[in-house]
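First the structure, in the form of structure tokens, and then the observations on it.
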Amino acid sequence: MPVVGRVEGRYNPHRVESSVKEYWNRIDLYKLVLSENSRCENAFLFIDGPPYPSGDVPHVGTAWNKSLKDAVLRFKRMTCYRVFDRPGYDCHGLPIEVKVEQRLGVKYKREIEERIGVEEFIDACKKLVYENVDSMTKWFMELGVLMDWSNPYLTMRDEYIESGWWLIKKADEMGLLDNEYRVVYWCPRCSTTLAEYEVEYSEVIDPSIYVKFPVKGCEKEYLVIWTTTPWTLPANTFIMANPDAVYAKILVSGEKYVLAKERLSEFLKETGLSEFSVVEEFKGRELEGLEYQHPLHDLIPLQEQLSKHHKVVLSKEHVALTEGTGLVHGAPGHGFEDYEVGLEYGIASAASPVDEEGRFTAEVGAYAGMYVREANERIISDLESRGCLLHKSTMAHRYPVCWRCKTPVVLRATKQWVIRVTKVRNELIEEASRVKWMPSWALDRLLHILDNLQDWVISRQRYWGIPLPIWICPNGHRIVIGDLEELLKYSGRRPGELHKPWIDEITFKCPKCNNEMRRVPDVADVWFDSGIAFYAARGKPFELKASEIPSDFIVEGHDQVRGWFFSLLRAGVIGFGVAPYKCVLVHGFALDEKGREMHKSLGNYVGTDEAIERAGRDPLRLWLLQNTVWEDLKFSWDGINEIRAALDVAWNVFVFASTYMNLDKYDPLIHSVGELRDHLKFEDKWLLSRVNKLVKEVTSAFNEYRVHEAVRALKDFIVEEVSHWYVRFARPRVWIEESALEKVAAYASMYYALKRWLVMIAPLAPFLAEELYLRFVKPAEPDLPPSIHLLKWPTIDENFIDEELEESMSIVRELASAAASARMSAGIKLRQPVKCITVYTNSERVRAALTEHLDASLFITNSKSLEVRPLDEVSKVVRYVAEPIYSAIGSEYRSLAKEVMKYVEGNAETVARDIVTFGRHEAEIGGVKVAVEPRHVNVKKIYGNNLVVREFKYGVIALDTRLTLGEVSEGLAREIVRRIQVMRKDMGLSVDAKVNVWIQMPREAIDVVGELKNYISSEVRALELTLSEEAPSRVSSNTYKKEWLIGEDKVVIYIST
RNA sequence: GGGCCCGUAGCUCAGCUUGGUGGAGCGCCCGGCUGAUAACCGGGAGGUCGGGGGUUCGAAUCCCCCCGGGCCCA
């Protein structure tokens, strides 16, 4: 006959986890789960945001990310969905290249081609990625993440690259693909353009100079500009002024300077000029078209070409009056804003005389070949020698640097491939707004980005990426290839693989002009790679219909609003005209204890390996998952320990329940809660109601992806409701020897609740749930599947939900708490029964609850009787007395103080009553009106004799501290029982072993406890029990003897088996 | 400099949507229990709810400003 299995010992996460891991391998859990779910009607399409495999061990934040995904996917499976669960890795990109450069000792990009060879380099990248992918996969599996690890999507695979090509071709067909000048961040060390998110800002010290630009045709008149980047001056094209600002022409030692009036005082302070006069004031717009001469025109050939543009232009937005002079030197080749303003004035050329490594080109003559930042000094001294430098100093400011190598970037105008997403902005906004964002502010962030939408620059001048599938001929004809087949059609050749350098070997004749077409050398930005995952992870894009595109659910950190969510959206709208996701959950960042970012260099970094090692998988997962999903998480070992402690309690609950169920051969299939319906007690019905409400709560939390609420509710239930409360009621019931229905009803209730709890905790703590399932549930129900992860999610049994009953229980709980507090101050331990507890309340609800559930109330308070009376009867048992606070009265009433004190002492009760009731007491003392306020007195409560009174939520309770002989003897009996139980435990006896007991104690004690001999016998399972003043005459060798002091009495207990 | 998030007990965090006497866990102090036991239970102390202003009879909660931390951008 199947019975409930036993859970023994202490919870040891590592032991549980390693045995469960081995079990899963043995039964091939993933395969079983797949086949279980293959029959499900509904599909759940999830797309894994691919982590970047730049390291071998995932960050705890990544562990959080994957745990969230795992919990949700497991829940979906249990609620019968076919889940698409292919994990992925984002394999391309500069961070991998930089790591490989370090391995190969590469300092400059050109070494890759000149010394290493592109083929070698790509192979090294691939090797690094595979190493890290294998290692990260191992750790994700260690965490219990149940996904298709045998088949992750890797963005570097040829089929994935083809999928990328498909989108670029699609963009071209839509007329969105372009090759044009763009001002981009450029890292001179990596020799590539950087996206905004590949740039970070750090403190850099730069020159700060004021430069005079001679106004044409006006002797000794100058436009004054300020700059921190002298190296951009060779490319100066125009000077910008704010049309609405007021400008001043000032006269300083025979020279006239033009600058914004508002900046004048700051300018004078910095330059140290003091003798000046204002010649003229005018609006900025009057400066428009004013021609000037470049101060270094004789040194820089490029300036010859640019001189035709050397005029003042206007810009409201880009000329700020918070720094500089209000006149801004404009170089469209070195600034986003400058470029824009240039376009407005029809200046399409964006002179950018800086090469890939940040050196000046021949166009700048004198400075050619110099690294731009190093040329600053020369440029400044040349300005000075020409009398055009007004002032020089240095300043520290935040300046963009490459996020990988920390080299200060330069801004360069270069030709880049862009997808003109600005043309589909409205669609982007519309589609983004249709998505469910959790929490909703994620949408606000994205809309803000879309408000300032820029075209998508997809090209990078590097190696390790998706090669752009664009072939051009010398006449500028271009063909965009959509997949390998199309490439074969044009070229007749299949490349070794689709990466550089192999792909670059493929050339073919231009269909239009018959010249040779070669691929453009660029690769795609990595964000392009991950942006197409929504279809590229699933197969060939042209096999998918638009209606099949949006995935049901994705979840990533809040940095991905601008990252992955944004690139997915762009790719979705370009490729299929839709947002490629229906619901997006945003999670927070894992920070260190102090809320700072974790960095290996700061020593505050915690890897998933260390966390698993120290905490265990389930405690780590639960701790991560209990954090409010979208808020940042502060790492804390103490926090993990708290969760660990809760799991200890949960484990012990199972030990408790399973020990007795197993002992009594409890079979849940025969004795179910339905079967025992009529025998369920108050606390049973309460537990069944609570657990069904828990199912409701956890289900809706999961359905709305509030995973943290599910964790917290499950934790609170097992700790607060089951362990702290229900078990207290259950304990005496399970000690009943015979197979009483009262006991079986407790078993049935516990089994029902614990099983449901286990199933619900399974997606969150999969190892622990499995272990307890196998030990506790499976032996009793052998027909259940071999793993808890194959069970269905529990349904809500509304019949068991009883709000009124729950409210009654919470009243009993309040009573118990108040009674415990009263006992405390009376010094009566809980084991000692008391005669009577009186509850004063005006609430009919409370009266009804306590009367109806008298047994429970008496049991939990260990009281012989309970009375409920109207609240105003409290006055019969409590009096308030005021005691004067002499210092307060003295300092306030001075000469009158003595009389006030006397008055308070004399009218202690009246004063106290008024203060309690009205907050003050007024009186006429010595002919003066006096108000006694709470600050003047201490109000003390005096209770009736032998009473301890406590206020509680529903009124007042009074505990009668007088004990009769009956109560005293019961208390003593329980003291004796407890000590015998300790001794049984010491002897290592099994719970149901029978014993013989001899108790030697004083006559008076025997008289007190004698009547309860049978009670003691049954509690301690004694065959024979002797109470005597004498020691036993013969003590056998297997007798355990121990001396105790109970109260004043010396008690010697002998136990033999 | 901008957008968004967070700031509540020593620590970690609920409560805020929809205003009505501020909660939990851990830690601490005191006590109890001992057939879940290197566990468990009860009680207690501990808070200008980041600061300031406003709306309101009433603000942790709604509005504005400021400060600190985070993410994203400039």
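Predicted, not measured: the structure shown is a model, and the values here were computed from it. Order of the sequence lines fixes the chain letters, A, B, ..., with proteins taken first and strands second; residue numbering starts at 1 for each chain.
- With B/C73, B/G70, B/A36 as the candidates, the nucleotide lying closest to the side chain of A/R562 is B/C73.
- Toward the 5' end of RNA chain B, the nearer of the two residues A/F654 and A/D632, judged by each one's closest nucleotide, is A/F654.
- Checked for salt-bridge contact, A/E721 and A/K693 miss the test: no charged N lies under 4.0 Å from a carboxylate O.
- For the C1' atoms, the distance from B/A45 to B/C29 is 7 Å, rounded to whole Å.
- Side-chain atoms of A/R731 lie closest to B/A36 of the nucleotides B/A36, B/C71, B/G25.
- Checking the phosphate oxygens (OP1, OP2) of B/C13, no side-chain nitrogen or oxygen of A/T628 falls inside 4.0 Å.
- The partner of B/G20, taking Watson-Crick or G-U wobble pairs whose two distances both stay under 3.5 Å, is B/C57.
- Across B/C49 and B/G7, the matching P atoms stand 14 Å from one another, rounded to whole Å.
- For A/H708 and A/W630, the ring centers are positioned less than 6.0 Å apart.
- Rounded to a whole angstrom, the distance from the C1' atom of B/G47 to that of B/G23 is 11 Å.
- When distances are taken from the side chain of A/Y660 to each of B/A36, B/G25, B/A14, the shortest belongs to B/A36.
- Residue A/V7 is classed as having no contact, given no heavy-atom separation below 4.0 Å to the nucleic acid.
- At the heavy-atom level, A/D444 lies nowhere under 4.0 Å from the strands shown.
- Annotation: B/U56 and B/U61 have their C1' atoms spaced 13 Å apart (nearest Å).
- Comparing the P positions of B/C16 and B/C57 gives an interatomic distance of 24 Å, to the nearest angstrom.
- Under the 30°/60° scheme for interplanar angles, the aromatic rings of A/W437 and A/F565 are found to stand perpendicular.
- Here A/K715 lies out of heavy-atom contact (under 4.0 Å) with every strand.
- A donor-acceptor contact under 3.5 Å links the side chain of A/R445 to the base of B/C71.
- As rounded to the nearest Å, B/G27 and B/G42 have P atoms that lie 14 Å from one another.
- Base pairing of B/C29 is made with B/G43, judged by Watson-Crick or G-U wobble geometry with both donor-acceptor distances under 3.5 Å.
- Comparing B/G3, B/C71, B/C4 by their nearest atom to the side chain of A/H558 picks out B/C71.
- Nearest nucleotide to the side chain of A/F589, out of B/C6, B/C71, B/A36: B/C71.
- Comparing A/D648 and A/L591, the nucleotide of RNA chain B nearest to each residue sits closer to the 5' end for A/D648.
- To the nearest whole angstrom, the two C1' atoms, one in B/G10 and one in B/C73, are 37 Å apart.
- Of the candidates B/A14, B/C71, B/U37, the closest approach to any side-chain atom of A/R712 belongs to B/A14.
- An OP1 or OP2 oxygen of B/A38 is reached within less than 4.0 angstrom by no side-chain nitrogen or oxygen of A/R10.
- Within the 4.0 angstrom heavy-atom criterion, base atoms lie near A/V653.
- Taking only side-chain atoms of A/S817, from C-beta outward, the nucleotide of B/A36, B/G70, B/G42 with the closest atom is B/G42.
- Between A/F859 and A/F729, the ring planes are tilted. Angles from 30° to 60° get that label.
- Residues A/F566 and A/L453 form a side-chain contact, since some pair of their non-hydrogen atoms from C-beta on lies under 4.5 Å apart.
- Ring geometry for A/F654 against A/F776 counts as perpendicular: the plane angle is over 60°, on a 0 to 90° scale with 30° as the lower cut.
- Comparing B/C72, B/G3, B/G70 by their closest approach to the side chain of A/H448 singles out B/G3.
- A side chain to side chain contact (heavy atoms under 4.5 Å, CB included) with A/V722 is found for one member of A/W757, A/F717, A/F656 and no other, namely A/F717.
- Residue A/E642 is classed as a base contact, given a heavy-atom separation below 4.0 Å to a base.
- For A/V655, counting side-chain heavy atoms from C-beta on, the closest listed nucleotide (B/U37, B/U12, B/C73) is B/U37.
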